[in-house]
Amino acid sequence: MPIKLQQNWALPETAVTPENIYMNRRQWLQAAGFAGAGFAGVGLAAMFAGGMINPARAAIGPYPAPRNEAYVGGRALTPEDEATTYTNFYEFGSSKNIWRRAQKLTTDPWSVIIDGLVETPVTLDAEDLLRQLGGLEERIYRHRCVEAWAMTVPWTGVALARLVAFARPTASAKYLRMETFLDPSVAPGQKQDWYPWPYVEGLTLAEATNELAFLATGIYGKPMPAQNGAPLRLVVPWKYGFKSIKSIARFTFTDQRPVSFWEQLNAKEYGFWANVNPDVSHPRWSQASERLLGSGDRVPTQIYNGYGAEVAGLYAGMFPNDKRALFH
Ligand code: MTE
């Protein structure tokens, strides 16, 4: 992303699929009895007890998973072929057109390490991990790349909070660091040694257990294609897309703020927080509006990508002397 990417916007685009009309999220919260309280105020134990996180449900699959009507996207779905062929996955090259090359990634078996400040470090296969995390659900989220393109996608997966609960972090853990696989024989981009491979991202534990943070295993009602980050990827829709790390192979709980891949390359342009804000420009381009994949329409960008009701409380009182710090 240090490279200017505007020329990629010249890709052919097709018309959008009209979105169904879904129940408004606030209506859903009221129906579910959470009006006013917000999920952020509900402890993890209470979420298990209340059935919001149900570890006893079916394990991996089937696809499509039941849709969680609390998360409906709020705009037309991006056509599937756009979202699965216009992808950022630098391990396979810096162009958006890497989806064929990414098929070389073997995701079954897929070893996942959970370590650092946890009660018991563990290495297990992704399928076994998912069996432990309970049933899959589908959520439609808006996605906003820092390059100012955006999409609206139905993801399948589980709340990241379930993985945190499964890992049992110790009291001193403050952050979750996530790391992608490292195998230059499969991913030619990883032969480019000016990049700090493997790709790393991080969240605070409060962010990782926010209701929106999602560990995705699929997209458009099907298992995740390699190019979108199979078999496990993060989706944090209130942050710029680079935070949503693909093909995660390691989750490390730590008391040190992780330094992400892009932050290592260029901390002035890609910070740790990276929350979406139309009023805080990237040093090289405005963030005021975004181009929708599919229709090509340009629409205004919203603070926290429109998810402020869910996440603004995470940041209350932080950086009182630097109002921009959370947004780059
Ligand atoms: N994860 C890894 N491992 N490698 C990457 O290059 N690119 C990021 C993010 N996750 C990236 C990654 C960026 S910049 C974006 S915008 C999103 O993935 C794109 O997700 P998508 O290709 O599924 O739209």
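Just so you know, ligand 1 is whichever comes first in the structure, and atom 1 is the first atom listed for that ligand.
K96 forms a cation-pi arrangement with Y86, by the criterion of a distance under 6.0 Å to the ring centre and an angle within 45° of the ring axis. Seen from the ring of F272, K243 counts as a face-on cation partner, given the 6.0 Å and 45° thresholds. A cation-pi arrangement, defined by a distance under 6.0 Å to the six-membered ring centre and an angle within 45 degrees of its axis, is absent between R101 and F89.
In terms of polar-atom proximity, defined here as any N/O pair under 3.5 Å, N228 does make such a contact with ligand 1. Residue W155 places no N or O, backbone or side chain, under 3.5 Å from any N or O of ligand 1. Taking any N or O of S244, backbone or side chain, at least one lies under 3.5 Å from an N or O belonging to ligand 1.
Between atom CG of residue N277 and atom NZ of residue K239 there is a gap of 12.5 Å, rounded to the nearest 0.5 Å.
Atom numbering of ligand 1 starts at 1 in the shown order; those under 4.0 Å from a heavy atom of C145 are 16 (S). The contact set between ligand 1 and W149, taken as ligand atoms under 4.0 Å from a residue heavy atom, comprises 16 (S), 24 (O). For ligand 1, the atoms sitting less than 4.0 Å from at least one non-hydrogen atom of T180 are 3 (N), numbered in the order shown with element in parentheses. Annotation for ligand 1: atoms under 4.0 Å from non-hydrogen atoms of G241 are 8 (C), 9 (C), 13 (C), 15 (C), 16 (S), 17 (C), 18 (O). Counting the atoms of ligand 1 from 1 in the order shown, those under 4.0 Å from a heavy atom of Y90 are 5 (C), 6 (O). Those atoms of ligand 1 that come under 4.0 Å of a heavy atom in T87, given as number and element, are 22 (O).
Below 30°, between 30° and 60°, or above 60°: for W155 and H143 the angle between ring planes is between 30° and 60°, a tilted geometry.
Contact analysis puts R233 in contact with ligand 1, with a non-hydrogen atom separation below 4.0 angstrom. Contact analysis leaves K96 out of contact with ligand 1, as no non-hydrogen atom separation drops below 4.0 angstrom. The shortest heavy-atom distance from S247 to ligand 1 is not under 4.0 Å. Within the 4.0 Å heavy-atom shell around ligand 1 one does not find E147.
Taking the six-membered ring for Trp and the full ring otherwise, W197 and Y90 have centroids separated by 6.0 Å or more. In this structure, F242 has its ring center under 6.0 Å from that of Y270. Taking the centre of each ring, F253 and Y175 stay at or above the 6.0 Å mark.
Under the 4.5 Å side-chain criterion, counting only non-hydrogen atoms from C-beta, R250 is not in contact with V112.
Contacts between F242 and ligand 1, counted as non-hydrogen atom pairs separated by less than 4.0 Å, involve both the backbone and the side chain. Of the heavy atoms in M151, only side-chain atoms (C-beta onward) come closer than 4.0 Å to ligand 1.
Side chain of N228 to main chain of A83: a donor-acceptor pair is present (N/O by atom type, distance under 3.5 Å, no hydrogens or angles).
For atom 4 (N) of ligand 1, the nearest non-hydrogen atom from the set E91, K246, M224, E179 belongs to E91.
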